Structure formats: C-alpha cells, structure tokens
Amino acid sequence: MKKVIGVQEASQFIKNGDTVALNGFAYGFGFPEGIAKAIGERYKKEKEPNNLTLVFGSGCGDNGKSDFGLDHFAQEGMVKRIVGGHMGLAKQLSGMVNQNKIEAYNFPQGVVTHLFREIAGKKPGVVTHVGLKTFADPRVEGGKMNSKTIEDLVEVIELGKKEQLFYHSIPIQVALIRGTRGDEFGNLTLEKEGVYLETLHIAQAAKNCGGIVIAQVEEVVQHGSLNVREIEIPGMLVDYVVKAKPNDHKLNSGNFYDPSYTGEAVIPVEQIRPMEMSPRKIISKRCAMELEKNTIINLGIGIPEGVAAIALEEGINDWTTMTIEAGSIGGVPGSGTNLGGATNVESIIGQPNMFDFYDGGGLDIAFLGLAQADKAGNINVSKFNGRMMGCGGFVNITQNTKKVIFCGTFTAGNSDIDIVDGKLQIRRDGQYQKFVKQVEQITFSGEYAKEVGQEVLYITERAVFQLTDNGMELIEIAPGVDLQKDILDKMEFEPVISKQLKEMNANIFREEIMGLKG
C-alpha cells in the first residue's frame with residue numbers, strides 16, 4: 001500500500017463525526033502542525049470534516065498569537081467535543097468552551113495518556129485514585145467544563161475496599177502523530193522531537209479500534225535505511241506518512257531546532273542567563289531552600305521554572321534529578337515555548353511511562369503554580385472566571401508527591417513590588433486576590449492531602465503558609481512587610497497564624513547567592 005502521501009490528501013481521510021487523537025505538548029513539541037493546518041483549511045473550504053471529537057493529553061497552542069496547534073480546529077461546527085488534559089494555550093478553541101459552543105471534558109493529563117494505552121488494550125478504561133475529591137470527581141464536577149457537557153465519562157467505584165475513579169475508554173478513529181524520519185513502510189524515528197510523549201500509545205489505540213494512523217515527518221527515507229534500534233513507531237501501526245514543510249515541523253512554536261533538547265549536544269550551563277531580582281526570583285529562592293540532595297523533583301509551569309535557575313546559580317543543580325511529565329529527565333527544564341523539554345536532557349521516556357512513575361509516588365518534591373488558594377488549602381489552576389485552562393499533569397503530580405510546594409505571587413495583576421535594602425517594598429498590589437474564601441475549581445484537594453499525609457507549603461514573595469489539620473497556617477513573612485496591611489487585609493479568609501511566626505531568610509532578598517551549597 002502506498003503510505004507516503006501529500007498533506008492535502010491526508011486531510012481527506014478524516015470523516016465527519018470521527019474521534020481524532022492528537023499528539024503534542026504545550027507550545028508544539030511533537031505536534032503534527034502541517035496535518036492539523038491542512039484539516040483546518042479543508043474545513044474552511046468544504047465545511048468538512050465536522051462534528052469531530054478531539055482527544056489529547058496536552059493541547060498545543062501558542063497562547064493566541066496565531067492559528068497554531070489545536071486552534072486550527074476552532075471553527076464553528078468543526079468540533080463537537082474535546083477530551084483533554086490541558087487546552088489553555090489553544091485560546092480560540094478553549095474560548096469556544098467558555099462560550100458553551102462545544103462540549104468539553106478536562107481530565108488529569110496522566111489519566112488521558114494512560115487512557116490511550118487502555119484503549120489500545122481494549123480495556124474499559126482507566127481505574128485510578130487520581131482525581132479523587134478534585135473537579136474530576138463526578139461528585140464534584142466530573143471533569144465537565146461547561147453546561148453543554150452532560151454525559152458522564154467518569155464514575156466512582158470501590159475496588160479493594162478503596163474508592164477509585166473509573167474513566168471510560170473512548171474509541172479512536174484517527175490518530176495524528178509526528179516523527180522525525182519515516183520510511184516508505186511507515187517506520188518512524190523520534191530523535192529530533194525533544195519529547196516522545198504518548199506517540200506509540202495513540203497509534204496503537206487507533207489501530208486496535210479499526211482506525212487509521214497518519215504520521216507527519218521531517219524527512220522521508222528509503223526502507224531499510226533506518227537503524228532498527230532508533231525506530232520508536234513500527235510501520236505496522238502507521239497507515240500514511242506525510243512529509244511536512246520545514247515551518248510546520250519546528251521543535252516547537254518558538255524554535256526550529258535546539259540539539260540540547262534532544263541530547264544531541266550539551267551546552268555550557270554558563271550560557272543560561274541568571275534571573276534578575278524580582279518577586280519571581282524571591283519566590284524561586286525561597287523554594288530552592290526546600291531542595292534536598294538525592295531527590296527526584298518536578299517543576300510546573302511559570303514561577304516554578306525559576307527553581308531550576310536558582311539551583312544553577314547556587315551550584316546545587318546536581319542535588320536533584322529534575323523531571324518533566326512530558327518525559328524529559330535531567331538537565332535544566334525549559335521555559336516559554338520550550339516548556340516540556342530540557343536543556344542538556346539526560347534521557348527521555350514516554351509521557352505515559354513518566355506518569356506511571358509519578359502516580360506511584362516516585363517524586364520526592366514538586367513545585368507547582370499557585371493561582372488561587374482557599375482556607376481549606378485547595379488550589380485552583382484550571383478554571384478562572386469561567387475560562388477553561390485545564391489541569392495538565394497538576395492533579396497526578398500533586399496527589400502523589402511526598403512534598404508539594406505551591407509557589408506564586410501573593411496577588412495577581414499589575415503590581416509594583418521592589419526590594420530595597422534587603423526588604424520587600426510593596427508600592428502597588430495586584431488588583432486580584434489569590435487567597436479566596438473558596439476556589440472556583442478544586443484542582444488540588446487540601447482534604448485529600450491531609451488524608452494521605454502529604455507535606456504541603458504555599459510560598460509567595462511576602463508570606464509562607466503550610467497546610468495543617470486546621471487549614472492554612474502562616475509561618476513566615478518577608479522583611480519590611482506589615483502583617484495586617486500587606487497580608488491579612490489582602491486575604492478573603494483568616495489563616496491560622498503560627499505561634500512561631502518568623503521572618504523569611506534575609507539572604508532571599510539579596511542579589512548575591514544564598515550559599516545553599518554550604
């Protein structure tokens with residue numbers, strides 16, 4: 001069978017009503033941009049394919065800068081339903097969810113990646129504790145992200161006298177994946193992809209559902225020319241191979257290629273620019289004080305990324321093994337459009353495999369974002385003012401890590417905060433309070449954390465809290481900060497105030513390194 005075809009021909013294989021599984025992470029790692037673009041262009045001309053269901057782990061986009069990633073599908077009538085782990089970067093598509101134009105389910109990203117594996121094995125779904133007492137729990141919201149979404153795709157069951165969540169399998173008609181090189185028989189390598197993701201599992205799921213697999217590659221080569229040990233996706237799983245244009249096969253939306261993200265090259269760490277002094281750096285420095293030797297950690301999106309930069313500055317980056325849910329192990333986690341990969345990566349595994357490790361309690365410490373917190377210690381990072389972002393791997397990571405540290409600014413919005421003579425000076429606070437009576441959506445459950453005995457900290461530039469049986473307890477405040485005016489008056493609830501309340505370490509507020517290496 002002819003497997004190498006043009007991208008326009010490939011777009012014709014998606015039929016009305018199909019369930020399409022897509023690979024990719026964040027700003028485009030592993031995303032088949034050329035194929036997605038062709039499908040979007042076909043719909044503009046023909047109004048087909050329509051009424052699609054899209055299933056994905058991490059929904060790719062470029063935060064609204066262009067029609068990139070999943071936003072090629074953000075057209076009226078093209079999509080009926082989405083089931084995904086994260087979709088906030090695809091602003092147009094997530095906007096359609098907010099406007100109640102399409103059905104939307106947000107499940108923990110690790111659950112979605114494992115779902116592909118279960119679908120491939122013709123199993124009824126994923127049974128896991130991940131998501132209990134969060135918005136994914138059907139007793140809370142069942143992962144439904146708007147009023148248009150009605151059908152139940154997750155239920156509570158009892159297994160071994162323990163509550164579990166059962167996420168239902170979804171038959172896949174089309175898998176859209178990406179590789180680096182593909183031969184005429186469909187064998188694929190992934191050596192320049194930066195992350196492996198769930199590429200293999202999506203292909204297996206579609207094939208075992210009687211569907212088709214379309215692969216986008218950078219280069220088509222002759223059969224027999226690929227090193228067998230480099231083939232990650234066997235040709236028996238691939239129906240069609242499409243050679244993409246260079247601009248549609250970049251490493252991610254911001255970079256054509258960076259060999260340090262694939263292990264092909266190692267760059268001197270001195271080339272990584274130190275952080276400038278700011279509230280973000282203060283938070284990152286305080287977080288870095290929690291690092292311990294011989295630990296395995298995960299860093300989330302945004303402010304948590306700064307922990308890696310501080311570890312480099314302090315010379316303790318060898319204390320820990322940093323991991324990213326997309327599959328990168330070691331090195332320095334990337335930020336911005338490089339989110340998901342790592343500079344000087346040491347090894348790469350599949351995303352479902354990484355979540356196996358996370359779900360089993362393999363992480364010692366995790367640093368995650370703090371977008372909204374309440375008195376019970378709940379955290380929301382998935383939905384704000386009705387706008388759906390998605391939880392990503394947040395639920396898997398926070399429910400299974402021994403020590404969880406949430407980090408972010410104390411308020412949100414247009415603030416003006418400086419460090420003067422080693423003290424925090426708050427000239428203007430952000431207009432949005434982040435410590436609220438009740439979070440809009442429970443992405444992390446304080447109740448669940450207490451039940452399983454997790455150690456939980458909440459670190460901001462002016463205050464540090466810990467989770468106790470009585471709720472959130474204030475344990476540290478920044479030098480120069482007024483407890484009542486700058487902290488308590490900016491919270492919608494009264495925290496427990498520690499009898500041993502102390503000032504944050506003065507070294508955090510100085511330009512020089514803190515000397516964590518000793």
Side-chain angles (χ1 to χ4, degrees), residues 57-58 85-86 107-114 128-137 162 164-165 283-284 286-308 310-311 319-330 333 339-340 342 349 351-371 373 376-382 391-408 442-459 464-468 472:
S58 175
H86 191 276
F107 294 148
Q109 194 161 306
V111 169
V112 179
T113 66
H114 287 159
T128 177
H129 61 282
V130 174
L132 283 168
K133 299 191 176 180
T134 72
F135 75 96
D137 191 316
K162 288 186 178 181
Q164 300 280 292
L165 294 182
I283 298 166
S284 299
R286 176 60 185 85
C287 286
M289 293 176 67
E290 300 295 325
L291 292 173
E292 301 171 20
K293 292 182 179 179
N294 302 316
T295 53
I296 301 172
I297 72 172
N298 172 275
L299 299 178
I301 300 171
I303 286 179
E305 299 164 11
V307 178
I310 299 302
W319 278 16
T320 66
T321 298
M322 297 192 185
T323 67
I324 305 170
E325 58 266 33
S328 300
I329 299 171
L339 179 70
I349 63 176
Q351 185 168 211
N353 308 94
M354 186 65 85
F355 277 115
D356 285 332
F357 182 70
Y358 286 178
D359 288 355
L363 285 171
D364 297 298
I365 310 173
F367 299 87
L368 287 305
L370 192 167
N378 300 320
I379 292 285
N380 171 30
V381 297
S382 47
C391 60
F394 192 95
V395 180
N396 297 83
I397 294 165
T398 59
Q399 285 196 323
N400 297 296
T401 304
K402 301 173 183 70
K403 183 176 184 177
V404 183
I405 300 170
F406 297 107
C407 40
I442 300 174
T443 328
F444 169 80
S445 168
E447 180 185 351
Y448 185 87
K450 287 186 285 187
E451 286 179 4
V452 298
Q454 284 179 297
E455 182 180 355
V456 185
L457 291 177
Y458 309 78
I459 296 176
V464 179
F465 302 85
Q466 67 181 4
L467 183 62
T468 70
M472 292 184 68

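Hydrogens, waters and symmetry mates play no part in the numbers below; they use all other heavy atoms, side chains included. Note that the structure is predicted; figures quoted are calculated from it, not measured.
Defined by atom type and a distance below 3.5 Å, a donor-acceptor pair is present between the side-chain atoms of Thr443 and Ser382.
Checked by atom type and distance alone, the side chain of Gln399 pairs as donor or acceptor with a backbone atom of Leu132 at under 3.5 Å. Looking at Asn380, its side chain never comes within 3.5 Å of a backbone N or O of Ile442 through a donor-acceptor pair. At distances below 3.5 Å, at least one donor-acceptor pair connects side-chain atoms of Thr323 with backbone N or O atoms of Ile297. Listed for the Thr401 side chain is no donor-acceptor partner under 3.5 Å among the backbone atoms of Thr398. Of the possible donor and acceptor atoms, one in the side chain of Ser445 sits under 3.5 Å from a partner among the backbone N and O of Tyr448. His114 contributes a side-chain N or O that, together with a main-chain N or O of Pro352, makes up a donor-acceptor pair within less than 3.5 Å. A donor-acceptor contact shorter than 3.5 Å links the side chain of Tyr458 to the backbone of Gly377.
The salt bridge (charged side-chain N to carboxylate O under 4.0 Å, His left out) check on Glu290 picks up Arg286, Lys403, with sequence neighbours excluded.
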Steps toward side chain to side chain contact (heavy atoms under 4.5 Å, CB included) verdict (Leu165, Val130)
CA-CA 7 Å; Leu165 294 182; Val130 174; over 6 Å; no

One pair to check against side chain to side chain contact (heavy atoms under 4.5 Å, CB included): Asn298 and Tyr358. What are the steps and the verdict?
CA-CA 9 Å; Asn298 172 275; Tyr358 286 178; 3.1 Å; yes

Would you sort out whether Phe444 and Leu368 count as a side chain to side chain contact (heavy atoms under 4.5 Å, CB included), showing the intermediate values?
CA-CA 11 Å; Phe444 169 80; Leu368 287 305; over 6 Å; no

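Separation of atoms CG (Asp364) and OG1 (Thr320) is listed at 9.5 Å; rounding is to 0.5 Å. The CD1 atom of Ile365 lies 4.5 Å from the OG1 atom of Thr295; values are rounded to the nearest 0.5 Å. The line from CD1 of Ile329 to CG of Asn353 is 9.5 Å long, rounded to the nearest 0.5 Å. With rounding to the nearest 0.5 Å, the separation of CG in Asn396 from SG in Cys391 is 7.5 Å. Interatomic distance, OG of Ser284 versus CD of Glu305, reported as 9.5 Å (0.5 Å rounding). Between the CD1 atom of Ile459 and the SG atom of Cys287 there is a distance of 4.0 Å, given to the nearest 0.5 Å.
Contact between Ile303 and Gly408 at its shortest, heavy atoms only, is CD1-CA, 3.7 Å. Nearest heavy-atom pair, Ala373 versus Leu370, reported as atom, atom and distance to 0.1 Å: CB-CD2, 4.4 Å. Residue Glu325 comes nearest to Met354 through the heavy atom pair O-CB, 3.7 Å, listed as atom of the first residue, atom of the second, then distance. Residue Gln109 comes nearest to Gly393 through the heavy atom pair CB-N, 3.6 Å, listed as atom of the first residue, atom of the second, then distance. Here the closest heavy-atom approach between residue Pro304 and residue Phe367 is recorded as CB-O, 3.3 Å. Gly369 approaches Ile379 most closely through the heavy-atom pair O-CG2, 4.2 Å.
Checked against the 6.0 Å centroid criterion, the rings of Phe394 and Phe406 qualify as a close aromatic pair.
No option in Leu467, Asn400, Val404 other than Val404 meets the side chain to side chain contact (heavy atoms under 4.5 Å, CB included) test with Gln454.
Using a 4.5 Å heavy-atom cutoff, the side chains of Phe465 and Leu457 are not in contact. Side-chain contact between Ile324 and Leu299 is absent, with no heavy-atom pair separated by less than 4.5 Å. Side chains of Pro108 and Phe355 form no contact here, defined as non-hydrogen atoms less than 4.5 Å apart. For the pair Ile397/Leu363, a side-chain contact is recorded, criterion being any heavy-atom separation below 4.5 Å from C-beta on.
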